[in-house]
Amino acid sequence: MLSPLFLITAGLWYLRQRGINKSRGRAGTFAAAATNGGPLNVALLATSGLKAPFQLPPLAWDKEALAPHISAETLEYHYGKHHLAYVNNLNDLLELPENAKWKDKTLDELVVEATGVVFDQAAQVWNHNFYWGCLKPNPEGQDNAPTGLVKDLIERDFGSFDAFKDEFSAACVGHFGSGWVWLVYGVDGKLKVTQGHDAVNPLRDGQVPLLTCDVWEHAYYVDRRNARPAYVEAWWRIVDWTFVNTNLTPVVPAMAPKEHTPQRQPPADPNAAPGNSSAQEALAEYFGKYISRFSSPVVADAGLPYADALTCCSLTLLLAIGGLRG
Amino acid sequence: MSLQFPTALAHLPWLPCLPHQASGLTATASGLKAPIAHTTLESLARPLHSTAASLLVRPNASPAIATTTQYLRSGGASTSSAPSSSQTMKPPQPFNGDFSKVVTPLPYAHDGLAKKGMSKEQVTLHYEKHHKGYATKLTQLVAQDPKLKGLSLEELLMTQPLGPVFNSAAQIWNHNFYWHCLSPHGGGAPTGPLLEQIKAQWGSFEKFKEEFSAAATGHFGSGWAWLVKTPQRRLAIVTTKDAEIPSLRGLHPILVCDVWEHAYYVDFRNDRAAFIKCFWDLVHWDFANFNFILG
């Protein structure tokens, strides 16, 4: 185990990982939280870990892809104007001398710690990053039921998916003014539906966001004018349950294998999207889209954190074994 | 009643006095259902288009004072006696709970503002769906709650805490005020005492316009941008969140601009600054002057 080859490799790996973390602006190992010790949100690894100047994350699909549920025109305004404005405003605000203390913070840290106008803009950047992740194309308008771990947890905590859907939809339709409705993994380990007015984000309460629906009027006014219930109905059809599962997996890793044994899974649903049968598969599938969805120069250089860990550990072990045998 | 202060409080050098604390309005709230108080408040609950003055919830005219005035006017008659023949007020009628009746008729045609940038579709949607929608919702909510039976719009606004009932009632009131702030013949600059006061406080109308536009454009989320008169008889620009009304904080509204996204999304999409420019072409300065003088 103490062969020089092993020591050199381990040392190189450690230095490389420190370099990656530094370039990402995060302390600690890649497995540590991007926030102040809270749970890791895989979906926002790239954007959360970054600091100013922030960028608009690329969408994983074309602007026409969410039709007929959300039109290309809505996306042009919602993503191309509103979201971009929040990003630009945040970058501009962080240049001001009175906001110097927020300048070196990551997006997650801004959402959890900042106040006032800086919080408003930062949280809206975060919320919209997350919102786009929650959506996937469904041009045929097929039924879109949850799969995997989140399905089990919804049934455990709400009784049934329909009960959860009713509660979530009622919250969306009933929310007065601008805001967001969230499905979160609470501090007590239970899923719950929460509402955040304007830009309020559940990270501040230590809850893990799993799914969100934007109920600011700009999210639906182009397509449906004042008919928010119709927007929410259409939104259910484009929810990306894979994304929801990947948000869930890091906080319940111990739960995932036990509660998701193959014997307890229902027979494969022919209508289910491929690769959605377990949380672990969901994670692997998500990483397939990881780079394209959230790619940025920093992330592209740094590569995939889990793959790094796996590769480096495997390599180290192999070398260690080689060292032992040799 | 836990009210939230307007966000643009920096414009005001002092904290406004909550009428509920000051005038004992809460104490008289229970007297709102007494016959004489009902008569007085019924005059406030007249259809809001009849005079601009009746649109305003004047904090210095609390029901307690109005009740006393009415009592003296009726020759000191006791509350339980029938109205005397000299009394011209009708017998008290409890409000019938149909809030579609308190939605102001639009002062112009739906396409009346189209020439100046607010399209017929925008006005129709805003008035018929949003404004009347609040009235429908409030009618339903009040029908479900026996404690709210017979209360007028102003009574609800003065007694209900923040919540679905207050929100709907306040939005009806705000929109009533808003439609009168716009006019097909509006725009240009104010005249008379209002212009003098604006010049005295901001130096010029342009400077005031810049500051009002900045406040309205910069307001985060849904809300309203108001020009108000303070109890010290000075003008102030305040923004309120969602459905809040500055009159409930002792501030007298002169002018309002709706900055909920539904007010401008049809015509201007995300460009709130362009909508505010269009608003300046529509401002009904006569109405603003009237509110300024009467307040």
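Lettering follows sequence order; numbering is per chain, from 1. All values below were derived from every heavy atom in this structure, side-chain atoms included, with hydrogens, water molecules and symmetry-related copies excluded.
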Side chain / backbone / both / neither for A199(A) at chain B, heavy atoms under 4.5 Å: both
Chain B contact via E76(A) - side chain, backbone, both or neither, heavy atoms under 4.5 Å: neither
Spacing of CE belonging to M158(B) relative to CG belonging to L151(B), to within rounding of 0.5 Å: 10.0 Å
Backbone of K190(A) reached by a side-chain donor or acceptor of D188(A) within 3.5 Å: yes
Per-residue contact mode, Y220(A) against chain B (heavy atom under 4.5 angstrom): neither
Residue Q122(B) versus chain A: region with a heavy atom under 4.5 Å: neither
Parallel, tilted or perpendicular, as decided by the 30° and 60° cut-offs, for the rings of W126(A) and W182(A): tilted
Exam field: side chain K136(A) to backbone F243(A), donor-acceptor pair closer than 3.5 Å: no
From CG (L141(B)) to NZ (K137(B)), nearest 0.5 Å: 5.5 Å
Part of H197(A) within contact of chain B (heavy atom distance under 4.5 Å): side chain
Side chain to side chain contact (heavy atoms under 4.5 Å, CB included) evaluation trace for Y77(A) with Y265(B): CA-CA 11 Å; Y77(A) 283 101; Y265(B) 221 78; 3.8 Å; yes
Which atoms of H262(B) approach chain A - backbone, side chain, both or neither, heavy atom under 4.5 Å: both
Most chain A-contacting option - heavy-atom pairs closer than 4.5 Å, from N167(B), D271(B), V266(B): N167(B)
